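These numbers were taken from a predicted model, which means no experiment stands behind them. Letters A, B, ... are given to chains in the order of the sequence lines, protein chains preceding strands, and every chain is numbered from 1.
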Number of protein chains: 2
Amino acid sequence: MVRLWHTAVVPRTESMSPMSRVELPVVGEPAPERADASRNRQKILEAARRLFAQRGLAEVTMETVAREAGVGKGTVFRRFGDRGALLEALLDEQERELQERLLRGPPPLGPGAPTRDRLTAFLDALLDLWEQHGKLVLASETSAPGARYRTGAYAAWHQHTMLLLAECRPDADASLDAHLLLAALDAQLLTHLREEAAVDRERLARGLRELATRLSA
Amino acid sequence: MVRLWHTAVVPRTESMSPMSRVELPVVGEPAPERADASRNRQKILEAARRLFAQRGLAEVTMETVAREAGVGKGTVFRRFGDRGALLEALLDEQERELQERLLRGPPPLGPGAPTRDRLTAFLDALLDLWEQHGKLVLASETSAPGARYRTGAYAAWHQHTMLLLAECRPDADASLDAHLLLAALDAQLLTHLREEAAVDRERLARGLRELATRLSA
DNA sequence: CGGGAAAACGGACCGTTGGTCCGGATCGCG
DNA sequence: CGCGATCCGGACCAACGGTCCGTTTTCCCG
C-alpha cells in the first residue's frame, strides 16, 4: 500500500465531490476540506507536536492528543486514519523543508557545489534533522515496523543520495549503496550511540563523512 | 537497565536461595530452576519458535504461545517477564551458535584467516542468520525500540567487527565504524530491500562486501 | 437570508492484548 | 512421608487503538 506523500495537502476525504452536471467520475482533485476540518487538523498537529516534544514516545496516546487539541478522539482518527499516519504527517511536515533546500537551496546543500561536498552536507543536514525530532522518528517506527522506508521522505533521501553517489562512481550499485549509507542514520542506532555509547555529535558527523567519502571514492 | 545476556541460562528467579548456614547474603548462583519450571521454559520456547515460523510477527499473542505450549499465560510471563524478553530469548538461542563459530570455528569465520576475509565472512554469516529469522528480529524491534542494541548478541557482533576493523586500520574510529557498518544489517532495512525493492541475496551480499572493503581499506 | 443535505464532530463503546494475582497443585529435601 | 518453597494456571484488570452513530456545523443554492 502506497501512502500519499503529503498527508497535510491531500486529505483522506471519504468521497469525491459529485461534479456538477457532467456524470463522468473525474479522478481530479478530491473535495476540498471543510473549514472546521482543516481547523481541527491544525489543532491536532500542533497538540501532537507539543506533547511529543515534552513527554516522549509511547507516553502519548491518541486520546491524550485529542484532549490536548480540544477535540474528540473520533476526529483524530478520521483525520489521520491511525497512529502511524499521524506520526508520519508530523514528520512529513518537518522534512519537506529540507527537501526544498536540497532541490533549490544554496550550495553546498543545493545544486552548484561539487558532488562530494553536496553529499556530506546532506548527511550533516539529515543528522541535524534527526537531532530535532529523533524521538518522533523513533515513535513512528514502533507503531509500524519499516514504516520509515515506505515514507515519501525516505524515498526522496534515497533518490538524492543515489544520484550523488552515481555521479561520483558511475560503475557502482548506487541504489543499494545509497540504502546502506542511509542505514547509518537509522533512528534507533543514532539514539543508541548518543545515549548509551556517549558518542557526541561531532564524532558522529566525522564518522558519517568518512563513510560517505569512502563510499564515493 | 542492562539485561542479562543469556536469558535461557540465568532464569529470573523471584528470590535467592538462602545459603545454608553462613548468613552472608552471597551474591552467587541464583537458585537452580525447578524441574517443572525448566520443562515449561523449553515447551514455551519451542511453541514460540513454531508459531513465529508459520504465522509472522504481530499475529502471535502471548496467550497463543501459552496455549500452543499447553501452559497457562501466567507461566509464560513468569518465565520471561514480557513479550520483548521472550523474543530476545528466542533470538539469543540462535545467535549463540554463530558466536561460537566466530570464536572457535574454522576459518575464514574463526581465527586463522586474513582479517579482511574474516570480516566479509562474518557479514555473510550475519546475512544468513537474518534470512533465517529476520521476522523474529523485526517483531522484537516493535515491542521495544532499540532493543536490538541492548542485546548481548549485538554487543558481541559489534565487538567482533570493531576488532577486525581496528586491525585493518589502526588509525580509524573502529568502534563507531563498526556500528555504522552493522547498521547496514538492520532488520527493517533488509526486509525493505528484499521485499519492496526486490534486491536479491547475492546483490545484497556484494554490496555488503564492497562496503566492508571500503571501510577497511 | 433560509433551509436542507453532506460532511464533520465527539465521546461512549468495543475488542484485543499485555500484564497481574492468588488459591491450589507440584516439587524436592530431609 | 511431610512440609515449606516454588511454581502453575486461568480469571481478572487496565489501557489503548479503533469504530459507531446521534448530534452539530458547514456551505451551497435558491
Side-chain angles (χ1 to χ4, degrees), chain A residues 11-21 29-44 47-48 51 55 57-88 139-140 142-145 147, chain B residues 11-21 29-44 47-48 51 55 57-88 139-140 142-145 147:
Chain A
R12 318 189 166 192
T13 316
E14 282 88 350
S15 71
M16 289 300 183
S17 67
M19 293 315 279
S20 36
R21 60 201 66 195
E29 302 291 308
E33 210 163 50
R34 240 172 61 171
D36 48 354
S38 94
R39 208 183 318 138
N40 281 337
R41 147 166 295 128
Q42 268 331 59
K43 286 202 286 182
I44 291 168
L51 286 177
R55 295 126 92 156
L57 291 129
E59 308 310 315
V60 181
T61 81
M62 295 299 266
E63 192 151 15
T64 316
V65 172
R67 249 204 316 275
E68 174 84 9
V71 126
K73 193 156 86 150
T75 303
V76 177
F77 279 95
R78 196 169 333 94
R79 273 290 85 78
F80 294 96
D82 61 27
R83 184 185 166 87
L86 172 58
L87 298 185
E88 260 178 53
S140 114
T142 50
S143 67
Chain B
R12 317 189 166 191
T13 316
E14 282 88 350
S15 70
M16 289 297 183
S17 66
M19 293 316 279
S20 37
R21 59 202 65 195
E29 303 292 308
E33 210 164 51
R34 239 173 63 172
D36 47 353
S38 95
R39 206 183 320 135
N40 280 337
R41 147 167 295 132
Q42 269 330 49
K43 286 202 287 183
I44 291 168
L51 286 176
R55 294 125 94 156
L57 290 129
E59 307 311 315
V60 180
T61 82
M62 295 301 264
E63 191 150 14
T64 315
V65 173
R67 248 204 316 276
E68 174 84 10
V71 127
K73 194 159 90 155
T75 304
V76 177
F77 278 96
R78 198 171 328 97
R79 273 294 82 79
F80 294 96
D82 61 25
R83 185 186 167 86
L86 172 59
L87 299 184
E88 260 178 53
S140 115
T142 48
S143 67

Side-chain N,O (Arg67(A)) to OP1/OP2 (dG11(C)) below 4.0 Å: no

- prompt: Looking across every strand, which nucleic acid part, if any, lies under 4.0 Å from Arg34(B) by heavy atom: base, sugar-phosphate, or nothing?
  reply: base

task: Would you please test Phe80(B) and Arg41(B) for side chain to side chain contact (heavy atoms under 4.5 Å, CB included) and show each step?
output: CA-CA 9 Å; Phe80(B) 294 96; Arg41(B) 147 167 295 132; 4.1 Å; yes

- line: Lys73(B) NZ to dA14(D) C1', in whole Å, measures 12 Å

statement: When rounded to whole Å, the CD1 to C1' distance for the pair Ile44(B) and dC8(D) reads 11 Å

statement: dist Arg39(A):CZ -> Asp36(A):CG (nearest 0.5 Å) comes out at 5.5 Å

task: Please figure out whether Val60(B) or Ser38(A) has its closest DNA chain C nucleotide nearer the 5' end.
output: Ser38(A)

query: dC9(C) phosphate, OP1 or OP2: any side-chain N/O from Asn40(A) under 4.0 angstrom?
result: yes

- prompt: Does the side chain of Val65(A) come within less than 4.5 Å of Val71(A)'s, by heavy atoms?
  reply: no

statement: Result for 5'-nearest mapping on DNA chain D, choosing between Thr61(A) and Gly74(A), is Thr61(A)

task: Round to a whole Å and report the spacing from CZ of Arg79(A) to P of dA8(C).
output: 5 Å

Gap between atoms CZ and C1', on Arg41(A) and dC9(C) respectively (whole Å): 15 Å

- prompt: Starting at the 5' end of DNA chain C and moving along, which residue's nearest nucleotide shows up first, Arg39(B) or Thr75(B)?
  reply: Thr75(B)

- request: Could you check how far CZ of Phe77(B) sits from C1' of dA11(D), rounded to whole Å?
  value: 14 Å

query: Just to confirm, is there a sub-4.0 Å distance from OP1 or OP2 of dC9(C) to any side-chain nitrogen or oxygen of Arg78(A)?
result: yes

message: Please report the distance, rounded to the nearest Å, between CG in Asp82(A) and P in dC16(D).
response: 17 Å

field: Protein-nucleotide distance (Lys43(A), atom NZ; dA8(C), atom P), rounded to Å
entry: 15 Å

- line: Shortest non-hydrogen pair, Glu68(A) vs Leu51(A), comes out as CB-CD1, 3.7 Å

